[in-house]
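Lettering of chains follows the sequences in order, A, B, ..., and the numbering in each one begins at 1. It should be emphasised that the depicted structure is a prediction, and the values quoted were computed from it without experimental measurement. These values consider heavy atoms only, across backbone and side chains, with no hydrogens, waters or symmetry-generated copies.
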There are 2 protein chains.
Amino acid sequence: MSETDEQPTRRKRPSGRRTGDSGTRQAILGAARDLFAQHGYTGASMRAIAGRAGVDAGLIRHFFGDKSGLIAATLAEGTTAPDRLVAALRGDPGTAGMRLTETYFALWEAPDTGPTLAAVLRSAFTSPKAMDLLRASVGTRIQEQVIGVHGDPERAAGAALAVSHLLGVAIARYVIEAEPLATMDRADVVARVAPAVQRYLAGESGH
Amino acid sequence: MSETDEQPTRRKRPSGRRTGDSGTRQAILGAARDLFAQHGYTGASMRAIAGRAGVDAGLIRHFFGDKSGLIAATLAEGTTAPDRLVAALRGDPGTAGMRLTETYFALWEAPDTGPTLAAVLRSAFTSPKAMDLLRASVGTRIQEQVIGVHGDPERAAGAALAVSHLLGVAIARYVIEAEPLATMDRADVVARVAPAVQRYLAGESGH
DNA sequence: TGTGGAGTTCTACGTTTGTGGAAATACTTG
DNA sequence: CAAGTATTTCCACAAACGTAGAACTCCACA
């Protein structure tokens, strides 16, 4: 009837390998990062990610196995952030809080690291891998650097509180978008938050 | 063979109204609160909620219409929390930070208010209603009380930062369960956090 | 006493989801 | 040039989800 057995003029996209090195793997990771950041782990469907990357969903399976493999690879891409935070702590202890705070918010607003941070946060509630990463970022890395050689466990709590504070402000500003935090200048936010972070890192009682 | 057309001895649960006033509506709200707190809005399915409440899923539809109606009713149950936080701010401004911090963590650990706070937080990413509630809690209510009669907009930022700080620590302690925050005594956490909150509320620059 | 409404269960429909397999095409290596 | 491997598409499946409707039972009120 309406079907033309011979030579259908309207072909679907042909299967098979494309010519040249199509940066498909990277396109998928970029799309996954953006959609995980917007809708979280379960909220971002494989088909939606594939669609944004302009490929078929089967490719995700081919490259990353299953969905948990995809988010693992996605989050592994943006591993530079924790290192830069730890690096910010080295140097004069009297201004470490300022440097840490500055670096933290700069990371959130940089186009290459910000979406990954948002992806971790938004996915944490529904993906064990993202939750582990978030727990580690609040936990070990920074605490080790603050505790340092002396190994004062008293300061671990201070380090955790400093990071928790930064996390809370980031959530309010970038995720919840609560006013006036969301529209304040970054420098203004940093200037107000840094003293509190500094006090936590220094271990002052603060009465 | 195994089917008995006449007089099936094994009856399924009979439909129809139960005798006595079964607090079913409240059972559903309790189950919804717990499951929203554990798995978030989309993560908690209607069937799971109905199952936990010991009723059929159709009942949820009967009482609350659809899923968004259910979470609206669930979150409307625990509306006492914001009021108590605002109330904690009244009184001596010099110790308002301490009272606010104390009240905040007490609410998180009280069996009647804690799960609702967790439900709001975990559902915020996938339910617009929960997100609105969260935004309002970081925003308006507390800011109004802090700004007070004078209407100093400068202090709105301080109030938002104070709440953001509390939110961040609560997330780290109760949701992420990062050490050592998760296992610290509540009094210890409060004692460490309160000074920072106090400074934000007082509007000190803090250099 | 009988009639309507509220509470309650069951079954089912359409959609979306993650996953799996089969086939097609291009590149690579012998 | 032949064989194998990597990339890519399509189709299909089973499960879970929100929602819908029909039927059944009990209570309140006329």
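Residue A/H62 contributes atom NE2, which lies 17 Å from atom P of C/dT25 at whole-angstrom precision. Rounding to whole angstrom units, CZ of residue A/F64 and P of C/dG20 are separated by 16 Å. A/I28 places its CD1 atom 11 Å from the P atom of D/dT7, with the value rounded to the nearest Å. We find that CZ of A/R25 is positioned 9 Å from P of D/dT7, with the value rounded to whole Å. For the pair B/I60 CD1 and D/dC17 P, the interatomic distance rounds to 12 Å; values are reported in whole Å.
The side chain of B/D56 lies closest to C/dC10, out of D/dT9, D/dG21, C/dC10. If you check C/dT8, C/dT9, D/dT7 against the side chain of A/F63, the one that comes closest is D/dT7.
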Ignoring hydrogens and angles, write down the donor-acceptor pairs under 3.5 Å from the side chains of residues 169-179 of chain A, residues two or more places apart or on other chains.
{"unit_1": "A/R173", "atom_1": "NH1", "unit_2": "A/L181", "atom_2": "O", "d": "2.8"}
{"unit_1": "A/R173", "atom_1": "NH1", "unit_2": "A/M184", "atom_2": "O", "d": "2.9"}
{"unit_1": "A/R173", "atom_1": "NH2", "unit_2": "A/E109", "atom_2": "OE2", "d": "2.9"}
{"unit_1": "A/R173", "atom_1": "NH2", "unit_2": "A/M184", "atom_2": "O", "d": "3.3"}
{"unit_1": "A/Y174", "atom_1": "OH", "unit_2": "A/E109", "atom_2": "OE2", "d": "2.7"}
{"unit_1": "A/E179", "atom_1": "OE1", "unit_2": "A/T183", "atom_2": "OG1", "d": "2.7"}

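Checked against side-chain contact (heavy atoms from CB on, under 4.5 Å), A/A48 has the following partners two or more places apart in sequence or in another chain: A/L35, A/S45. Residues forming a side-chain contact (heavy atoms from CB on, under 4.5 Å) with A/L133 (at least two apart in sequence, or on another chain): A/L75, A/V120. Applying the ring pair (Phe, Tyr, Trp, His ring centres under 6.0 Å) criterion to B/F64, with sequence neighbours excluded, gives no partner residue. With sequence neighbours left out, the side-chain contact (heavy atoms from CB on, under 4.5 Å) criterion links B/T95 to B/D92, B/R99. Shown here are the side chain to side chain donor-acceptor pair (under 3.5 Å) partners of A/S68, two or more places apart in sequence or in another chain: A/D66. In terms of the side-chain contact (heavy atoms from CB on, under 4.5 Å) criterion, residue partners of B/A72 (sequence neighbours excluded) are, by chain and number, B/K129.
Close to C/dG21, at under 4.0 Å from its OP1 or OP2, lies a side-chain N or O of A/R61. Distances shorter than 4.0 Å separate none of the side-chain N or O atoms of A/T24 from OP1 or OP2 on D/dT7.
The rotation axes computed at either terminus of the helix from C/dT1-D/dA30 to C/dG30-D/dC1 lie 0° apart, taking five pairs at each end and rounding to 10 degrees.
Using a 30° and 60° split on the angle between ring planes, A/H165 and A/Y200 fall in the perpendicular class, above 60°.
Between A/L59 and B/A57, it is A/L59 whose nearest contact on DNA chain D lies nearer the 5' terminus.
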Show the distances under 3.5 angstrom between N or O atoms of the protein and N or O atoms of nucleotides 15-18 of chain C.
{"unit_1": "C/dG18", "atom_1": "OP1", "unit_2": "A/K67", "atom_2": "NZ", "d": "2.5"}
{"unit_1": "C/dG18", "atom_1": "OP2", "unit_2": "A/M46", "atom_2": "N", "d": "2.9"}
{"unit_1": "C/dG18", "atom_1": "N7", "unit_2": "A/R47", "atom_2": "NH1", "d": "2.7"}
{"unit_1": "C/dG18", "atom_1": "O6", "unit_2": "A/R47", "atom_2": "NH2", "d": "2.9"}

Derivation of the side chain to side chain contact (heavy atoms under 4.5 Å, CB included) call for B/K67 and B/Y41: CA-CA 9 Å; B/K67 200 179 184 183; B/Y41 180 67; 3.4 Å; yes

